[in-house]
Number of protein chains: 2
Amino acid sequence: LISIRNLTKIYRMGSETIRALDGVDLDVDRNEYVAIMGASGSGKSTLMNILGCLDKPTAGSYELNGNLVSRMSNYELAGVRNREIGFVFQTFELLPRWTALRNVEMPLLYARDGWRRRRARARESLERVGLANRITHKPNQLSGGQRQRVAIARALVNNPSILLADEPTGNLDTRTSDEVMRLFENLHAAGQTIVIVTHEADVAAHARRIVRMRDGRIQSDTLNPNP
Amino acid sequence: LISIRNLTKIYRMGSETIRALDGVDLDVDRNEYVAIMGASGSGKSTLMNILGCLDKPTAGSYELNGNLVSRMSNYELAGVRNREIGFVFQTFELLPRWTALRNVEMPLLYARDGWRRRRARARESLERVGLANRITHKPNQLSGGQRQRVAIARALVNNPSILLADEPTGNLDTRTSDEVMRLFENLHAAGQTIVIVTHEADVAAHARRIVRMRDGRIQSDTLNPNP
Ligand SMILES: Nc1ncnc2c1ncn2[C@@H]1O[C@H](COP(=O)(O)OP(=O)(O)OP(=O)(O)O)[C@@H](O)[C@H]1O
Ligand SMILES: Nc1ncnc2c1ncn2[C@@H]1O[C@H](COP(=O)(O)OP(=O)(O)OP(=O)(O)O)[C@@H](O)[C@H]1O
Ligand SMILES: [Mg+2]
Ligand SMILES: [Mg+2]
């Protein structure tokens with residue numbers, strides 16, 4: 001499903017060269033459940049952003065479903081981003097002037113549903129993360145963990161074939177975090193592919209495979225013996 | 001040092017009443033090290049914002065160092081916020097157009113140092129969180145965990161007598177998180193008072209006392225037998 005070769009991302013700042021990604025090779029098959037771990041600054045979010053078609057690499061290739069992403073038109077890319085991929089951002093990226101409900105409806109604007117069905121699906125997605133009583137709140141009227149859950153609800157509302165989640169439980173207490181992991185498990189059981197960045201060992205324990213990054217490269221890639 | 005009685009914070013949204021804090025009593029002595037835990041939405045950040053003099057309660061009292069905070073002038077409050085208290089926000093709150101260095105210098109603008117000394121102190125603070133090679137980066141040129149560390153460096157640069165940290169390790173890998181906890185431990189050993197909100201048990205384990213919140217109230221308040 002996902003095939004990455006020699007992926008490189010370089011930032012130039014004055015005389016400095018920062019290799020955020022320094023030659024990454026990675027294959028992810030359909031219905032895999034992969035956890036990505038590694039030190040702060042090791043390139044995890046950079047990799048996720050490229051996987052999510054939100055950023056382009058400096059060099060290297062990314063094939064998604066057999067298609068070279070670098071060859072896709074903007075129209076095709078937008079289609080992939082909105083229908084195939086659900087993305088939970090490390091910094092949530094909610095629209096501040098919109099309610100939780102409208103934020104979660106956003107990815108559905110590309111589907112063929114009428115507004116009533118969209119609203120119902122968004123409400124359902126918020127209920128699944130325990131936010132039924134917060135749907136009219138704007139982001140600044142929500143707690144940190146509630147904002148994180150709105151970001152998760154938005155990523156899941158489209159029932160995406162690929163879920164990319166960057167530190168999805170960083171602001172959640174243990175019980176709420178368990179509920180979110182259960183949601184991801186359901187998605188995985190239904191056949192979807194999940195890639196999750198996490199620094200928490202008990203979150204990574206749910207994955208079937210653990211990839212460790214360091215200084216923009218993959219340091220190790222092992223199967224999880226007891227998921 | 002900190003004495004809170006019947007602290008209440010109510011939000012009215014249309015016909016709804018949300019009790020973010022619902023009658024909180026809390027005493028924190030000088031040089032205590034307290035961890036606050038509790039479910040997402042239980043009122044932890046709301047309590048921290050009031051403790052940090054960044055927000056006012058709807059009812060109840062807050063005495064800081066024997067002075068009623070509600071009676072302080074804006075001038076006195078600004079002084080307390082900038083000289084006495086270091087605050088690590090759950091959502092970092094960095095200034096996007098400023099570099100990491102300038103963001104960390106900010107609290108020092110109230111001190112009597114000249115710009116050279118300010119710059120040196122800000123640089124030192126960034127070095128202590130492992131960001132010596134990122135001081136010229138702006139927030140959008142930093143990883144999530146690097147932004148979190150800039151927020152921590154800014155909170156510590158003034159050597160505050162009270163450190164209030166809201167989920168300071170939510171985006172940090174285990175090793176970086178350990179380094180941050182070591183910094184807090186040094187601060188505590190030097191006599192400072194620390195209140196930290198966290199959902200991670202091994203972070204709370206460093207504290208000497210654990211307060212649990214639920215639905216805007218304190219559910220339990222116990223000493224940590226093995227800090
Ligand atoms: N401006 C606001 N208007 C309405 N409700 C609000 C507002 N700000 C916060 N709330 C509500 O107050 C409650 C407490 O929020 P708070 O941010 O203190 O929770 P928290 O314990 O820090 O949660 P988390 O662990 O998710 O960060 C939440 O249910 C939130 O929805
Ligand atoms: N626009 C940019 N300009 C310069 N350097 C950048 C830029 N964006 C990211 N970086 C650098 O690239 C490196 C990798 O960043 P990335 O966000 O992928 O790390 P990460 O593994 O997600 O870290 P964390 O666990 O802290 O979230 C970091 O050292 C960061 O400072
Ligand atoms: Mg990241
Ligand atoms: Mg909070």
Side-chain angles (χ1 to χ4, degrees), chain A residues 11-16 18 20 37-46 48-49 89-92 94 99 129-131 133-134 136-149 166-177 179-180 197-204 212-214, chain B residues 11 13-16 18 20 36-46 48-49 89-92 94 99 129-131 133-134 136-149 166-177 179-180 197-204 212-214:
Chain A
Y11 294 105
R12 299 207 188 282
M13 294 186 62
S15 59
E16 228 196 327
I18 293 172
M37 305 186 81
S40 174
S42 55
K44 308 180 295 295
S45 296
T46 305
M48 293 291 270
N49 287 336
F89 292 87
Q90 188 169 9
T91 45
F92 320 154
L94 302 179
T99 60
V129 294
L131 290 178
N133 58 358
R134 288 285 182 277
T136 58
H137 286 231
K138 298 209 175 82
N140 68 350
Q141 296 169 323
L142 293 171
S143 76
Q146 289 167 345
R147 286 176 211 170
Q148 185 150 44
R149 282 184 278 160
D166 197 345
E167 296 284 359
T169 62
N171 283 287
L172 301 178
D173 57 284
T174 316
R175 184 148 149 242
T176 313
S177 177
E179 287 165 23
V180 166
V197 171
T198 184
H199 69 268
E200 297 187 52
D202 32 3
V203 169
R212 288 184 189 278
M213 292 191 66
R214 183 194 163 121
Chain B
Y11 295 105
M13 294 185 63
S15 58
E16 228 197 324
I18 294 173
I36 300 181
M37 304 187 82
S40 174
S42 56
K44 307 179 296 295
S45 296
T46 306
M48 292 290 270
N49 288 335
F89 292 88
Q90 188 170 9
T91 45
F92 318 156
L94 301 179
T99 61
V129 293
L131 290 179
N133 58 358
R134 288 286 182 275
T136 57
H137 287 231
K138 297 208 176 82
N140 68 349
Q141 296 168 323
L142 293 172
S143 77
Q146 290 166 347
R147 287 177 211 170
Q148 186 150 44
R149 282 184 276 162
D166 196 345
E167 296 283 359
T169 63
N171 283 287
L172 300 179
D173 57 284
T174 315
R175 184 149 150 238
T176 314
S177 178
E179 287 165 23
V180 166
V197 169
T198 183
H199 68 267
E200 298 187 52
D202 32 5
V203 170
R212 288 185 190 277
M213 291 190 66
R214 183 193 163 121

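A, B, ... follow the sequence lines: proteins, then strands. Residue 1 opens every chain. Fair warning: this is a prediction, and the values are worked out from it, not measured in the lab.
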Query - Pairs of heavy atoms under 4.5 Å with chain B: top-ranked of Ala201(A), Gly145(A), Ala20(A) - result: Gly145(A)
Query raised in the report: With a 4.5 angstrom heavy-atom cut-off, which part of Gln148(A) approaches chain B: side chain, backbone, both or neither?
Result: neither
Requested in this report: Identify which of Ser42(A), Ser143(A), Gly170(A) forms the greatest number of heavy-atom pairs closer than 4.5 Å to chain B.
Outcome: Gly170(A)
Report summary line: Scanning both residues in full, the closest heavy-atom pair of Ile18(A) with His137(B) reads CD1-CE1, 3.1 Å
Query - Under 4.5 Å from any heavy atom of chain B - which part of Thr169(A) - result: backbone
Requested in this report: Locate the shortest heavy-atom distance separating Ser40(A) from Thr176(B); write the atom from each residue and the value.
Outcome: CB-OG1, 4.2 Å
Report task. Would you mind checking which part of Glu167(A) comes under 4.5 Å of any heavy atom in chain B, side chain (CB onward), backbone (N, CA, C, O), both or neither? Result -> side chain
Requested in this report: Could you grab the distance from atom CZ of Arg147(A) to atom CD of Gln90(B), nearest 0.5 Å is fine?
Outcome: 7.5 Å
Requested in this report: Sort Leu142(B) into side chain, backbone, both or neither according to what part of it lies under 4.5 angstrom from a heavy atom of chain A.
Outcome: neither
Query - Spacing of CE belonging to Met37(A) relative to CG belonging to Asp173(B), to within rounding of 0.5 Å - result: 8.5 Å
Report task. Identify which part of Thr91(B) has an atom lying under 4.5 Å from any heavy atom of chain A, answering side chain, backbone, both or neither. Result -> side chain
Report task. Kindly compute the distance separating CZ (Arg134(B)) from CD (Glu16(A)), expressed to the nearest 0.5 Å. Result -> 6.5 Å
